[in-house]
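Worksheet: the structure to be examined is printed underneath.
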Number of protein chains: 2
Amino acid sequence: MATYSIGEVSKQMGLSVEAIRYYDREGLLPFVKRDSGGRRQFTEDNIQLMQMIMGLKRAGVPIKDIAYFVSWRLDGDDSLGERYDFLNAHEKVLEDEIASLEKSLAYLRFKKWYYKTAKAAGTEKIHLKAGTTQVDPSTYAEYDQLLKEGHSAKSLGDD
Amino acid sequence: MATYSIGEVSKQMGLSVEAIRYYDREGLLPFVKRDSGGRRQFTEDNIQLMQMIMGLKRAGVPIKDIAYFVSWRLDGDDSLGERYDFLNAHEKVLEDEIASLEKSLAYLRFKKWYYKTAKAAGTEKIHLKAGTTQVDPSTYAEYDQLLKEGHSAKSLGDD
DNA sequence: CTACACCCTGTAGTTAGCTACAGCTCAAGC
DNA sequence: GCTTGAGCTGTAGCTAACTACAGGGTGTAG
């Protein structure tokens with residue numbers, strides 16, 4: 001069965017060699033065997049597992065939590081319930097995070113429209129209560145109106 | 001005009017006093033004046049601005065970048081273009097991040113379905129190529145089929 | 001047989017975004 | 001006029017997720 005060195009895996013997966021060793025130290029790769037000289041030998045199998053692990057990492061799961069997940073794997077079918085619960089909990093975290101980012105994006109698009117129109121007018125004053133740096137309520141009202149008229153938030157801010 | 005102490009602002013905005021001082025040190029609050037004893041005095045105006053800044057922070061904008069944005073504000077209307085470009089660039093970052101998280105979420109939901117069905121069968125083996133820890137292609141095919149039949153990814157993984 | 005690429009461990013350093021003192025000042029209440 | 005609470009600065013410490021050596025081993029090619 002073909003095996004791969006840490007350097008090969010590094011290139012294949014786009015991770016630094018140091019990062020892979022770090023993941024190993026943190027308990028993410030307990031399934032990786034060593035050769036007689038103490039070097040890590042990665043099998044196809046191992047690499048597929050690592051891809052799963054990187055999937056969790058991309059999903060924002062902390063490395064310590066992934067280590068738990070991986071250790072459950074070693075317990076075999078007994079831990080199927082724990083693993084399901086773990087993913088379920090993290091699904092919620094991800095959903096919440098996406099929702100929060102969507103809100104931030106909406107806010108950012110409002111601000112884009114705000115600066116686009118200010119720039120067109122040559123001054124930010126058109127949006128401010130006279131003599132302050134506070135945004136005038138009519139600015140928000142105008143934006144809401146435009147959204148109601150069917151303009152998308154994305155298009156409103158675009159130049 | 002009413003002003004607020006750092007402690008009041010801390011409670012009002014749900015930030016620690018230390019965090020606010022940290023933001024000030026990093027150049028996020030150059031507009032905050034001091035009283036004769038050197039204490040920060042926040043106006044209503046200041047607080048609205050801070051809320052805008054926290055909006056950018058929630059959107060994942062690094063504190064150093066926000067400091068640039070804030071410093072442009074001090075340049076007045078001359079910097080409206082820069083500020084628009086800044087928000088535009090960050091809109092793209094946010095969009096990409098959301099897209100990436102959506103992909104992760106889809107993956108996580110597949111895994112939930114995978115463990116839900118494995119648990120129901122009592123063993124993960126139903127999804128693996130015999131004798132390996134590699135997922136059998138038929139598992140992916142089955143999941144894709146279910147999605148095609150109109151089941152939502154969210155519902156498929158739910159218990 | 002020796003150079004060289006690549007691997008190893010262990011330890012130290014880095015960045016972001018805070019948190020936690022230590023030691024001091026100041027204003028208000030009793 | 002003294003205590004108390006809140007504020008100040010400056011510096012040190014913390015966590016996550018790496019990165020960067022230093023010092024040493026290994027296996028293959030010429």
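Chain letters run A, B, ... following the sequence lines, proteins first, then strands; residues in each count from 1.
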Query raised in the report: Would one find a side-chain N or O of B:Arg34 under 4.0 angstrom from OP1 or OP2 of C:dT25?
Result: no
Report task. Looking only at non-hydrogen atoms, find the nearest pair between B:Ile20 and B:Leu29 and report the distance. Result -> O-CD1, 3.7 Å
Query raised in the report: Which word best sums up how the rings of B:Trp72 and B:Phe86 line up, parallel for under 30°, tilted for 30 to 60°, or perpendicular for over 60°?
Result: perpendicular
Query - Qualifying side chain to side chain donor-acceptor pair (under 3.5 Å) pairs with a residue from residues 93-111 of chain A, counting only residues at least two apart or across chains - result: A:Lys92-A:Asp96, A:Glu95-B:Arg109, A:Glu95-B:Lys154, A:Arg109-B:Glu91, A:Arg109-B:Glu95
Query raised in the report: How far apart are the closest heavy atoms of B:Leu15 and B:Ser10, and which atoms are they?
Result: O-OG, 2.7 Å
**Report entry** Nearest-Å distance for atom pair NZ/P, residues A:Lys33 and C:dC7
**Finding:** 19 Å
Query raised in the report: Which residues in residues 88-101 of chain B have at least one heavy atom lying under 4.0 Å from any atom of DNA chain D?
Result: none
Query raised in the report: Is there any ring-ring contact (aromatic ring centres under 6.0 Å, His included) pair reaching into residues 4-49 of chain B, and which pairs are they, with sequence neighbours excluded?
Result: none
Report task. Whole angstrom is fine here: how far is it from CG in A:Asp24 over to P in C:dC8? Result -> 9 Å
Tabulate atom names and distances for all N/O pairs under 3.5 angstrom spanning the protein and nucleotides 2-4 of chain C.
none

Report summary line: Heavy atoms of B:Thr3 and B:Thr43 approach each other most closely as CG2-CG2, 4.4 Å
**Report entry** Nearest heavy-atom neighbours spanning A:Ala59 and B:Leu108
**Finding:** CB-CD1, 4.1 Å
Requested in this report: Compare every heavy atom of B:Gln48 with every heavy atom of A:Val135, then report the nearest pair and how far apart it is.
Outcome: N-OE1, 3.4 Å
Report summary line: Contacts of B:Asp158 meeting salt bridge (charged side-chain N to carboxylate O under 4.0 Å, His left out) (sequence neighbours excluded), chain-then-number -> B:Lys112
Report summary line: Quick note, ring-ring contact (aromatic ring centres under 6.0 Å, His included) partners involving residues 137-159 of chain A, not counting sequence neighbours, are A:Phe110-A:Tyr140, A:Phe110-A:Tyr143, A:Trp113-A:Tyr143
Query raised in the report: What are the two closest non-hydrogen atoms of B:Pro30 and B:Gly27, and how far apart are they?
Result: CD-O, 3.5 Å
Query raised in the report: Within this structure, what is the CG-to-P distance between A:Leu29 and C:dC8, rounded to whole angstrom?
Result: 12 Å
Could you list the protein-to-nucleotides 1-7 of chain D atom pairs, N/O on both sides, closer than 3.5 Å?
residue	atom	partner	partner atom	Å
D:dG7	OP1	B:Ser5	OG	3.0
D:dG7	OP1	B:Gly7	N	2.8

Query raised in the report: Taking only residues two or more places apart in sequence, or in another chain, which ones meet B:Thr133 in a side-chain hydrogen bond (donor to acceptor under 3.5 Å, both in side chains)?
Result: A:Asp45
Requested in this report: Kindly say whether B:Asp78 contributes a backbone atom to a donor-acceptor pair with the side chain of B:Asp75 at under 3.5 angstrom?
Outcome: no
Query - Pairs involving residues 115-129 of chain A, ordered by first then second residue, that meet side chain to side chain donor-acceptor pair (under 3.5 Å) (sequence neighbours left out) - result: A:Tyr114-A:Glu124, A:Tyr115-B:Arg83, A:Thr117-A:His127, A:Thr123-B:Asp77, A:Glu124-B:Arg83, A:His127-A:Thr139, A:Lys129-A:Gln134
Query raised in the report: Which residues pass the side-chain hydrogen bond (donor to acceptor under 3.5 Å, both in side chains) test with B:Asp24, sequence neighbours left out?
Result: B:Arg40
Are any protein N/O atoms closer than 3.5 Å to N/O atoms in nucleotides 13-19 of chain D? If there are, list each pair with its distance.
residue	atom	partner	partner atom	Å
D:dA16	OP2	A:Lys64	NZ	3.4
D:dA17	OP2	A:Ile63	N	3.4
D:dC18	OP2	A:Tyr23	OH	2.9
D:dC18	OP2	A:Lys57	NZ	3.2
D:dC18	O5'	A:Tyr23	OH	3.2
D:dT19	OP2	A:Ser16	OG	2.8

Between the protein and nucleotides 28-30 of chain C, list the N/O to N/O atom pairs that are separated by less than 3.5 angstrom.
none

